Structures are given as C-alpha cells and as structure tokens.
Chemist: 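I have a structure I would like to understand better, so I am pasting it below and will then ask my questions one at a time.
Note that this is a predicted model, so its numbers are computed, not measured.
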Amino acid sequence: QVHLVESGGGQVQAGDSLRLSCAVSERSLGTWALGWFRQAPGKEREFVAYITKRSGIAEYDDSVKGRFTISRDNDKNMVFLQMNNLKPEDTAVYYCASKFSAYDLRRHYDYWGQGTQVTVSL
C-alpha cells in the first residue's frame with residue numbers, strides 16, 4: 001500500500017511559479033516511478049511528467065517541457081514539480097502517483113494522491 005499526499009497548489013497569475021510537493025509513504029518496497037498528472041474541468045486526466053525512483057530519469061509532456069521540472073528526494077520520500085512560467089491552460093487539479101511496473105511510464109499508475117488545485121489567471 002502506498003499513500004501519496006500533494007501540497008503546494010494555489011492561485012497565481014500567468015508567468016508566476018509554483019512548486020508542488022508530494023509525500024510518499026510506502027509500506028512495501030517496489031515503486032519504480034513517480035508521476036504527476038493533471039485534470040482540468042471537463043477534461044480527462046493527462047500525463048504531465050514522471051521520474052524513475054532509482055535512476056532519476058525524467059520525461060515530460062510536450063505542453064510543459066522547458067517550463068516544469070520534476071525531481072525526487074528518496075531519503076525523504078518526496079517528489080516535487082517545479083512549475084515556471086505558468087499559463088492559464090495549466091489550470092487543473094494536479095495529482096501525484098506511483099507505479100510499480102517499468103512499462104509505459106506515462107500510464108497505468110497504481111496509487112494516487114487526492115490532488116491539489118492549481119489556478120492560473122491572466
């Protein structure tokens with residue numbers, strides 16, 4: 001069982017930055033990757049970024065590449081999403097998630113947090 005708790009969301013203006021945090025409590029070993037996803041009103045949840053727990057390999061959706069940075073602190077069981085130059089279209093509920101399998105790291109995550117709201121206004 002893995003529990004994830006996000007924090008750091010808020011309301012900002014376009015061009016501002018936010019840093020999301022996710023505390024990961026894991027009673028069993030085996031997490032391969034940690035990811036961030038988001039869901040805007042009326043839209044399906046979409047992939048934002050992932051990072052592999054052991055090697056720190058990261059990938060991003062094209063919509064956030066160059067603006068967002070995912071990182072992890074394995075000692076503290078934390079994963080972060082630094083979001084710079086935020087745009088109104090980044091407005092969404094952001095979720096962190098964990099995955100045991102190394103296959104298809106942009107999908108099919110096993111455990112999810114409750115989400116944190118990010119609102120970007122002009």
Chemist: Ignoring hydrogens, what is the shortest heavy-atom contact between N77 and K53? Give both atom names and the distance.
Modeler: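 Where N77 meets K53 most closely, the heavy atoms are OD1-NZ, 4.4 Å.
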Chemist: Should L105 and V64 be regarded as members of a common hydrophobic cluster, given that ILVMFWY residues are connected when their side-chain heavy atoms come within less than 4.5 Å of each other, either directly or indirectly?
Modeler: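 Different clusters.
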Chemist: For Y111, check ring pair (Phe, Tyr, Trp, His ring centres under 6.0 Å) against everything at least two apart and list the hits.
Modeler: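 Counting only residues at least two positions away or on another chain, Y111 forms a ring pair (Phe, Tyr, Trp, His ring centres under 6.0 Å) with F100.
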Chemist: Does atom CH2 (W32) have a neighbourhood of more than 12 heavy atoms from anything else shown, all under 6.0 Å?
Modeler: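 Open.
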Chemist: Sequence neighbours left out, what passes ring pair (Phe, Tyr, Trp, His ring centres under 6.0 Å) with Y109? Give chain and number order.
Modeler: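 Residues passing ring pair (Phe, Tyr, Trp, His ring centres under 6.0 Å) with Y109: F37.
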Chemist: Are there more than 12 heavy atoms of other residues, nucleotides or ligands under 6.0 Å from atom CD of E44?
Modeler: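 Atom CD in E44 is not crowded, with 12 or fewer foreign heavy atoms closer than 6.0 Å.
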Chemist: Name all pairs fulfilling the ring-ring contact (aromatic ring centres under 6.0 Å, His included) condition that reach into residues 73-96, sequence neighbours left out, sorted by first residue then second.
Modeler: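 Those involving residues 73-96 do not exist here.
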Chemist: Do the side chain of E6 and the main chain of G115 share a donor and acceptor less than 3.5 angstrom apart?
Modeler: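 Present.
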Chemist: What residues, two or more places apart in sequence or in another chain, satisfy side chain to side chain donor-acceptor pair (under 3.5 Å) together with T119?
Modeler: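 T119 satisfies side chain to side chain donor-acceptor pair (under 3.5 Å) with Q117 only.
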Chemist: Same hydrophobic cluster for V48 and I70, using side-chain heavy-atom links shorter than 4.5 Å among ILVMFWY?
Modeler: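 Yes, V48 and I70 fall within the same hydrophobic cluster.
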Chemist: Between I51 and S71, which heavy-atom pair has the shortest distance, and what is it?
Modeler: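 Closest pair (atom of I51, atom of S71, distance): CD1-CA, 3.9 Å.
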Chemist: Under the rule for side-chain contact (heavy atoms from CB on, under 4.5 Å), what residues qualify as partners of S63, not counting sequence neighbours?
Modeler: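 R38, D61.
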Chemist: Indicate the atoms forming the closest heavy-atom contact of T91 with A40, along with that distance.
Modeler: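 So the two residues come closest at O-CB, 3.6 Å.
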Chemist: Which residue pairs pass the salt bridge (Lys or Arg N to Asp or Glu O under 4.0 Å) test when at least one of the two sits in residues 99-115, sequence neighbours left out?
Modeler: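 As it turns out, the salt bridge (Lys or Arg N to Asp or Glu O under 4.0 Å) pairs with a partner in residues 99-115, which skip direct neighbours, are E59-R106.
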Chemist: Can you name the closest pair of heavy atoms from T31 and S98 and give their distance?
Modeler: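 Closest pair (atom of T31, atom of S98, distance): CG2-CB, 4.1 Å.
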Chemist: Report the distance from atom CZ of R67 to atom OH of Y60, rounding to the nearest 0.5 Å.
Modeler: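 Reported value, rounded in 0.5 Å steps: 12.5 Å.
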Chemist: Report yes or no: do L4 and M83 belong to one cluster of Ile/Leu/Val/Met/Phe/Trp/Tyr joined by side chain heavy-atom distances under 4.5 Å?
Modeler: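 In one cluster: yes.
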Chemist: Between V24 and Y50, is there shared hydrophobic-cluster membership here, with clusters defined by ILVMFWY side-chain heavy atoms closer than 4.5 Å?
Modeler: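 V24 does not cluster with Y50.
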Chemist: Partners of D62 by salt bridge (charged side-chain N to carboxylate O under 4.0 Å, His left out), sequence neighbours excluded?
Modeler: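 Scan of D62 (salt bridge (charged side-chain N to carboxylate O under 4.0 Å, His left out), adjacent residues dropped) gives K65.
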Chemist: Who passes side-chain contact (heavy atoms from CB on, under 4.5 Å) against A14, sequence neighbours left out?
Modeler: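 Applying side-chain contact (heavy atoms from CB on, under 4.5 Å) to A14 gives P88, V120.
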Chemist: How is the hydrophobic cluster of I57 composed, in terms of its other members, when Ile, Leu, Val, Met, Phe, Trp and Tyr link through side-chain heavy atoms under 4.5 Å apart, directly or indirectly?
Modeler: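 So far as hydrophobic clustering goes, I57 is joined with none.
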Chemist: Could you work out, with side chain to side chain donor-acceptor pair (under 3.5 Å) as the rule, every residue matching T52, not counting sequence neighbours?
Modeler: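 By the side chain to side chain donor-acceptor pair (under 3.5 Å) rule, T52 matches S55.
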Chemist: Output every pair passing side chain to side chain donor-acceptor pair (under 3.5 Å) with a member in residues 8-24, not counting sequence neighbours, ordered by first then second residue.
Modeler: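 Output for this query lists S17-N84.
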Chemist: Would a single hydrophobic cluster contain both L20 and V79, if residues Ile, Leu, Val, Met, Phe, Trp and Tyr are joined by side-chain heavy-atom contacts under 4.5 Å?
Modeler: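 In one cluster with V79: L20, yes.
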Chemist: For residues L86 and F68, determine if any side-chain heavy atom of one lies less than 4.5 Å from a side-chain heavy atom of the other.
Modeler: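 Of all side-chain heavy-atom pairs linking F68 with L86, at least one is under 4.5 Å.
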Chemist: Heavy atoms only: give me the nearest A49-L81 pair and the separation to one decimal.
Modeler: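 In terms of heavy atoms, the two residues are closest at CB-CD1, 4.5 Å.
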Chemist: Among residues at least two apart in sequence or on other chains, which ones pass side-chain contact (heavy atoms from CB on, under 4.5 Å) with K76?
Modeler: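 Once residues adjacent in sequence are excluded, the partners of K76 under the side-chain contact (heavy atoms from CB on, under 4.5 Å) criterion are D73, M78.
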